[in-house]
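Heads up, the thing below is written out as structure tokens.
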Protein chains: 2
Amino acid sequence: MYDWASIRDFLLTARLGSTLKAAQALGVNQTTVMRRLRQLEADLGLSLFHRHQQGYRLSAEGQELLPLAEEMERQAEALGAKARERGRQLKGTLSITATELAAVRLLAPALPAIRQQFPDVSVKIVTTDARLDLQRGEADIAIRAGGANEQPGIVRQRLPDSVWAIYGGMALLETMGEPAEEAALARYPVIAGDGPLALAEPLVWLERQAGEGAVVHRSNSLPGLLAATKAGLGLCALPALAAGMEDGLGLCGALRRFPSPVWLCYHETRKADPVLRPVAAFLTQQIRQKRQLLEGS
Amino acid sequence: MYDWASIRDFLLTARLGSTLKAAQALGVNQTTVMRRLRQLEADLGLSLFHRHQQGYRLSAEGQELLPLAEEMERQAEALGAKARERGRQLKGTLSITATELAAVRLLAPALPAIRQQFPDVSVKIVTTDARLDLQRGEADIAIRAGGANEQPGIVRQRLPDSVWAIYGGMALLETMGEPAEEAALARYPVIAGDGPLALAEPLVWLERQAGEGAVVHRSNSLPGLLAATKAGLGLCALPALAAGMEDGLGLCGALRRFPSPVWLCYHETRKADPVLRPVAAFLTQQIRQKRQLLEGS
DNA sequence: GTTTGGTTCTGCATCGGTGCAGAATGAGCC
DNA sequence: GGCTCATTCTGCACCGATGCAGAACCAAAC
């Protein structure tokens, strides 16, 4: 069986008269179209085009097959249209809860795609560090990190891990150099967590590695840690999701990384919910495509 | 637009109930099917399957799209069937002339495919070193090497170059070692051409490189040269097409290679011939897929 | 309870398809 | 004649899709 995808190349080339124009329309290289057509011809066992310096012209066989290819295109488009329409039919509202970090970096970028896919579904984002109760309907979907507390009655879909790593301001790293191993950490000033963040494993680890009196700053908020690190006060453990896109921050690649699982959660009673399930599945796909964001470069 | 080819994965997985069976049916790896389906779902913006430990089961959306995918499959098969049928309609006879080497190594292997593609076309192969006159109808198609003698009224399609190189019997090469450069050739016994082969450029070149009295054997036929070389008499220039598949022969990779163009020729008055043109095009494709044969490993 | 067989899914190495740069060719225009 | 422009096609380098091996999981059979 030939490669169905190259029927598109056939159609575009037949319509536009040259592989170059077809390639531009398809968003690929001209060479690619030429080779795919050559392969298609070999698979079908005939020559679809006459090749000239001025372009590709349909051969007799090509003209005969063109209507069939067009019919196939119609079917393919019908399928795509139905898939899109399927989303359009959904109506309703959904509330999604997440930390501010996840909301800004993961949910917000996915909103346009969700809006396009499900135009009549209104999505409300609730950013909070509190664990809203999904069973009591305080939210429909939650993005949560950490594998410890599985609750009964909660269904989870795993997302790419959130990875914490050690970062430092560019200025600091250029002055003192990047720490090549954990033992070298004793030389560096570090920034530590406070309040709830005092318990975060990567921050605790860094503080323990650092020398006596190395802690130059403490903050109970992630933005606070981020800002202090960018200012060059010292090294700090940060989520790649937060630090990865910031200018002026450098990753200490030689040091430990701290992956922790992230989940998209909802209550099992909503498993068959006609709105929640498709949107949750779509959101999962969207986020998975951004895995390098979560996991750092 | 999604990738049309993955609709096949969708269909097979839906029918067989697991990506593993679908992959076996498609002749690819299970992982591949899984990833292509994941991509397809992302492109369509919905989830086609429920994934279980026991296999993939169609979701509601998947069930809705299945008939459309089946219709698309019908169209694709109709197109393939028409392409095959197109060849079946051709009836007639064609005679193809080539040297014995080309006939045995290029034409003969392509005959089954031609027979399958054009079952009612009877192909006759005329092996001769003489240049039959295409205009006078002594043959319909000729496979010819060398670019020099373009005749007016002859249309040519270029095939992969035929490459000559220096070969030696395994025994000889293991005893004396492989020549690392052209200067080293003076140490080796060589086999030279005779009769018409005395003019072949690679053979002439090798004879000139060799030292005084180095020619230990002469032959006026390619099989003769081949046999003498395999016997270990000396080094010899041979076409990769002839030497490439022979056991007991070693390529002297460090030395010069001699590419020469090969053409599939027919008379321009046959350009629109309903039998000749498709068969010639098909034959060209078949031979091009064997390029490594012509050009050596 | 244990084993067996089938399944999904992940990490890593590899290969083939893809893109890029450039040569060759021919049409059209000045 | 010479220039420009669009085209096809080739060689080379790279990246992403693919294959492979293995882990994890579950159902069914023993």
Side-chain angles (χ1 to χ4, degrees), chain A residues 2-3 5-6 8-9 12-14 16-43 47-57 59 147 156-161 163 257 259 261 284-285 288-289 291-292 294-295, chain B residues 2-3 5-6 8-9 12-14 16-43 47-59 147 150 156-161 163 257 259 261-263 284-285 288-289 291-292 294-295:
Chain A
Y2 60 97
D3 181 5
S6 40
R8 297 190 67 202
D9 305 48
L12 267 294
T13 306
L16 301 177
S18 83
T19 57
L20 186 57
K21 284 183 192 143
Q24 284 160 353
L26 288 163
V28 298
N29 195 280
Q30 176 268 339
T31 315
T32 301
V33 173
M34 184 195 74
R35 288 193 272 231
R36 289 209 286 232
L37 285 178
R38 194 182 281 171
Q39 184 59 44
L40 180 64
E41 288 181 327
D43 291 342
S47 57
L48 298 166
F49 294 96
H50 294 146
R51 289 135 164 89
H52 299 104
Q53 219 60 27
Q54 312 75 291
Y56 272 43
R57 244 186 28 243
S59 70
R156 308 189 304 180
Q157 294 174 6
R158 186 159 188 177
L159 301 178
D161 286 357
V163 175
R257 288 164 177 249
T284 301
Q285 289 165 354
R288 279 198 179 145
Q289 293 186 349
R291 63 181 312 171
Q292 79 288 353
L294 272 159
E295 302 182 353
Chain B
Y2 59 97
D3 180 5
S6 39
R8 296 190 69 201
D9 305 48
L12 267 294
T13 306
L16 301 177
S18 83
T19 56
L20 186 57
K21 285 184 192 141
Q24 284 161 353
L26 288 163
V28 299
N29 195 280
Q30 177 268 339
T31 316
T32 302
V33 173
M34 184 195 74
R35 288 194 270 233
R36 289 209 287 231
L37 285 178
R38 194 182 281 170
Q39 184 59 44
L40 179 63
E41 287 181 327
D43 292 342
S47 58
L48 298 166
F49 294 96
H50 293 146
R51 290 129 218 265
H52 299 102
Q53 222 54 27
Q54 312 73 291
Y56 273 42
R57 246 190 22 246
L58 271 181
S59 71
E150 299 186 21
R156 308 189 303 180
Q157 293 174 8
R158 187 160 187 177
L159 301 177
D161 285 357
V163 175
R257 288 166 177 247
V262 179
W263 308 86
T284 301
Q285 290 166 354
R288 280 198 177 145
Q289 292 185 351
R291 64 181 310 172
Q292 80 288 351
L294 272 159
E295 302 181 353

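Order of the sequence lines fixes the chain letters, A, B, ..., with proteins taken first and strands second; residue numbering starts at 1 for each chain.
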Could you tell me how far apart [X] ([atom1]) and [N] ([atom2]) are, to the nearest whole angstrom?
| X | N | atom1 | atom2 | result |
| --- | --- | --- | --- | --- |
| A:Gln24 | D:dA6 | CD | C1' | 10 Å |
| B:Leu37 | D:dA17 | CG | C1' | 15 Å |
| B:Glu41 | C:dT8 | CD | P | 13 Å |
| B:His52 | C:dC9 | NE2 | P | 11 Å |
| B:Leu20 | D:dG19 | CG | P | 13 Å |
| B:Asp3 | C:dT18 | CG | P | 10 Å |
| A:Leu26 | C:dT18 | CG | C1' | 14 Å |
| B:Tyr56 | C:dG6 | OH | P | 19 Å |

Counting just side-chain N and O atoms, does [X] come under 4.0 Å of either OP1 or OP2 of [N]?
| X | N | result |
| --- | --- | --- |
| B:Lys21 | C:dG6 | no |
| B:Arg38 | C:dT10 | yes |
| B:Ser18 | C:dT7 | yes |
| A:Thr31 | C:dG19 | no |
| B:Asn29 | D:dC20 | yes |
| A:Gln30 | D:dC9 | no |
| A:Arg36 | C:dT18 | yes |

To the nearest 0.5 Å, how far apart are [atom1] in [X] and [atom2] in [Y]?
| X | Y | atom1 | atom2 | result |
| --- | --- | --- | --- | --- |
| A:Ser6 | A:Glu41 | OG | CD | 10.5 Å |
| A:Leu12 | A:Ser18 | CG | OG | 10.5 Å |
| B:Arg8 | B:Arg36 | CZ | CZ | 8.5 Å |

**Base D:dC25 to side chain B:Gln53, donor-acceptor N/O within 3.5 Å cut-off** =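 By the distance-only test, yes, there is a pair.
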
**Request:** Kindly say whether, by distance alone, the side chain of B:Arg35 makes a donor-acceptor pair under 3.5 Å with the base of D:dG16?
**Result:**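 No, the side chain and the base share no sub-3.5 Å donor-acceptor pair.
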
**Request:** Using the side chain to side chain contact (heavy atoms under 4.5 Å, CB included) rule, pick out the option among B:Thr32, B:Thr13, B:Asp9 that qualifies with B:Leu26.
**Result:**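 So the option named by the test is B:Asp9.
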
**Prompt:** If you measure only the distance, is there a donor-acceptor pair under 3.5 Å linking the side chains of A:Gln30 and A:Thr19?
**Reply:**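 The answer is yes; a qualifying pair exists.
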
